[in-house]
Amino acid sequence: MPLGGEQVPQNLDAVAVRAWCGLALDALGRAREEIDAINVYPVADGDTGTNLYLTVESASQAVDAVFTGLEPARPSLAEAARAMAHGALIGARGNSGTILSQLLRGMAQVLGADRDTDHADSRALALALGRAAESAYQAVAHPVEGTVLTVAAAAADAASAAASGADGDCGAVARAAYDGACRALDATPEQLAVLGRAGVVDAGGRGLVAVLGALVEVLSGETVLLKTASASGGHARVEPIECQDAPADATAPAFEVIYLLEADDTAVARLRTRLDGLGDSLVVVGGDGLWNVHVHVDDAGAAVEAGVEAGRPHRIRITHFGVGDAHTAGAVQPPRERAQRGIVAVVPGEGLAGLYADAGATTVPTRPGEPPASGELVDAIRRAHAREVVLLPNDAELRHTAAAAAEQARTEGVRVALIPTRSAVQGIAALAVHEPDRRFDEDVVAMTSAAGATRYAELAVAERQSWTMAGICQAGDVLGLIDGDVALIGDDTTRTACSVLDRMLAAGGEMVTLVLGDDVPDSLGDDLEKHVREAHLAVDTVVYRGGRQSALLLIGVE
């Protein structure tokens, strides 16, 4: 029904894209448990709702990021749509999330085609939904009807039929797409036998209906009634459906393998062929050099090796389908004993990830511009498999994300302490004093104290002319950031780094930690270590390699 009386139709612009992501995330959050419960295809592992939620969470964060610093100005529709698609791509989880990311990418290809317009009309929205369905079918190696693909195609067909008479009203097209998706969702048990036996609709399709319902709300102000999860259809209050009796397939692959891949189109075409011979549920989405690969296999190592041959895989996630799912019905696997205490840390760069892992931490690798979602942190806490977990976000921008992850983990019975580290060097300082045999509270206090006593700095290269606290910088200038603020602007990496060190050590210090990025030579570490030794007596220096994706230089002073 309309909100607050008569509703003026809303154009699909950047603000609407942002609102859509937020409302879709809310809708999936409310429906997550229900969708998980009806997840019987392609694997009855009960995580479709969670995977869709995490995928949209990543998309929403990416869209929010392009608005940051621009308000009251706003990004273009093309920028918001591309951010939404990119965020979904890098955060896609599971079979359903991977397909949803391709649906959003297909929409972005249409919505981002005209960079001179700030909004899309009803015809463009219908074309975007059509391109979404088409690209999703192309991404799946062996499309199956009665799934989210069928629901997406029905939504696109209904939108196309409505566009000619919508007179520019995006809300009318969105409503038609939603209604078409609902009708197709109701029919999925008749198309896919496993759904019919379980008495449920397709879980991925149910998630897409929630996402389209959010689009209707944004563009028309109308609040839609969500469909029930049972196969009987109709508008009703949603109740979780238990589906543990879904038939098992003992011959199905045992592992789900997902990774992001940097590779060209030719290499990805060869990869598709190779992975298709290794397993099933193959979905490869993306483009422009960055892809998300999803496949179910028995040989997880071979699937990763295929990615290495094609390009550079990262964010690799391998999941063994556990006790009670379609792959291991009847198997008996004793639960692994929990450790007493674990450390979970967000780390930029492969070198730092290795350093943290060597110290016993469970790591969450991150790349510039791609912050982890709260779901990734929750997964890492679960992987730590400990009764007590210390969480090190190592980034001031992740404080809310880390707090949400900690709260979720606590509901699962894990005692979590969040230490608000703002840089990886503060995390290193905290790890240095960590003693797992000490009482939890005492260990957390000691780690927090060590992190808080460590000032941090970073060297970066300016991408464009801009105002800073140290003045106006030009593209290519070397920026010295101390405690998150630009303190120095220079034209030489070594000289700027020395000036930053001098400024930080003016207040005293006992230990300097240097983390060198992949783009600087080892000689920089030697030069800075020599500078500290000569200019600041009795100050020790330790140098690490951050590796690929790390900052140009990180500095910590304890």
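For the single chain, residues carry numbers from 1 onward in sequence order.
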Note to self: Show, in sequence, the C-alpha distance, side-chain angles and deciding distance for Asp118 and Asp13, and conclude whether the side chain to side chain contact (heavy atoms under 4.5 Å, CB included) test is met.
What the structure shows: CA-CA 6 Å; Asp118 61 355; Asp13 56 12; 5.6 Å; no

Next item on the list: Using the side chain to side chain contact (heavy atoms under 4.5 Å, CB included) rule, take Leu352 and Leu554 through it: C-alpha gap first, then chi angles, then the decisive distance, then the call.
Entry: CA-CA 11 Å; Leu352 280 177; Leu554 293 177; 4.2 Å; yes

Next item on the list: Begin with the C-alpha distance, continue with both residues' side-chain angles, and end with the deciding distance and a verdict on side chain to side chain contact (heavy atoms under 4.5 Å, CB included) for Val425 and Ile555.
Entry: CA-CA 7 Å; Val425 291; Ile555 301 173; over 6 Å; no

Check: Is there a salt bridge (Lys or Arg N to Asp or Glu O under 4.0 Å) between Arg415 and Asp441 once you walk through the steps?
Finding: CA-CA 11 Å; Arg415 187 181 183 189; Asp441 291 339; 2.8 Å; yes

Next item on the list: Begin from the C-alpha positions of Arg32 and Asp36 and carry the test salt bridge (Lys or Arg N to Asp or Glu O under 4.0 Å) through to its verdict.
Entry: CA-CA 6 Å; Arg32 181 183 62 80; Asp36 283 345; 3.6 Å; yes

Notebook entry, point to check: Step by step, would you call Asp527 with Lys530 a salt bridge (Lys or Arg N to Asp or Glu O under 4.0 Å)?
Noted result: CA-CA 5 Å; Asp527 292 341; Lys530 179 182 178 182; over 6 Å; no

Next item on the list: Begin with the C-alpha distance, continue with both residues' side-chain angles, and end with the deciding distance and a verdict on side chain to side chain contact (heavy atoms under 4.5 Å, CB included) for Arg382 and Glu412.
Entry: CA-CA 9 Å; Arg382 292 169 181 153; Glu412 299 178 10; 2.5 Å; yes

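A pairwise comparison of heavy atoms in Ala139 and Val285 identifies CB-CG1, 3.6 Å as the closest pair. Here the shortest heavy-atom pairing between Ala357 and Thr363 reads N-CG2, 4.1 Å. Across every non-hydrogen atom of Val364 and Pro372, the tightest pair is CG1-CB, 4.0 Å. Heavy-atom minimum distance, Ala497 versus Leu459: CB-CD2, 3.7 Å. Between Ala359 and Leu431 the shortest heavy-atom distance is CB-CD1, 4.0 Å. Nearest heavy-atom pair across Leu481 and Ala460 is CD1-CB, 4.3 Å.
Proximity of Val66 to Arg82: side-chain heavy atoms (C-beta onward) are nowhere separated by under 4.5 Å. Counting heavy atoms from C-beta outward, Cys473 and Ser466 have side chains that approach closer than 4.5 Å. The side-chain heavy atoms of Val390 and Val444, taken from C-beta on, include a pair separated by under 4.5 Å. Between Ile381 and Val414 the shortest side-chain heavy-atom distance falls below 4.5 Å. Using a 4.5 Å heavy-atom threshold, the side chains of Leu501 and His536 count as separate. Residues Leu290 and His86 are in side-chain contact: their nearest non-hydrogen atoms beyond the backbone lie under 4.5 Å apart.
Rounded to the nearest 0.5 Å, atoms CG (Leu104) and OG (Ser135) are 9.5 Å apart. For the atom pair Glu558 CD and Gln426 CD, the distance stands at 10.0 Å (nearest 0.5 Å). The CZ atom of Arg93 sits 11.5 Å away from the CG atom of Leu52 when rounded to the nearest 0.5 Å. From Arg439, atom CZ reaches atom CD of Glu388 across 10.0 Å, with rounding to the nearest 0.5 Å. In this structure, CE on Met504 lies 11.0 Å from CG on Asp502, to the nearest 0.5 angstrom. How far CG of Asp540 is from CE of Met511: 5.0 Å, rounded to the nearest 0.5 Å.
No side-chain donor-acceptor contact under 3.5 Å links His296 and Asn95. Remark: the Ser96 side chain and the Asn51 side chain contain no N/O donor-acceptor pair separated by less than 3.5 Å.
Paired with Val478 under the rule side-chain contact (heavy atoms from CB on, under 4.5 Å), one option of Leu553, Val500, Thr493, Asp491 passes, and it is Thr493. Residue Leu377 forms a side-chain contact (heavy atoms from CB on, under 4.5 Å) with just one option from Leu418, Val416, Val346, Leu398, and that option is Val346.
Salt-bridge formation is not detected for the pair Arg422/Asp483: no Lys NZ or Arg NE/NH1/NH2 atom is positioned less than 4.0 Å from an Asp or Glu carboxylate oxygen. Using a 4.0 Å cut-off between a side-chain N of Lys or Arg and a carboxylate O of Asp or Glu, Arg410 and Glu407 qualify as a salt bridge. Comment: Asp26 does not engage Arg30 in a salt bridge, judged by the lack of any side-chain N to carboxylate O separation of less than 4.0 angstrom.
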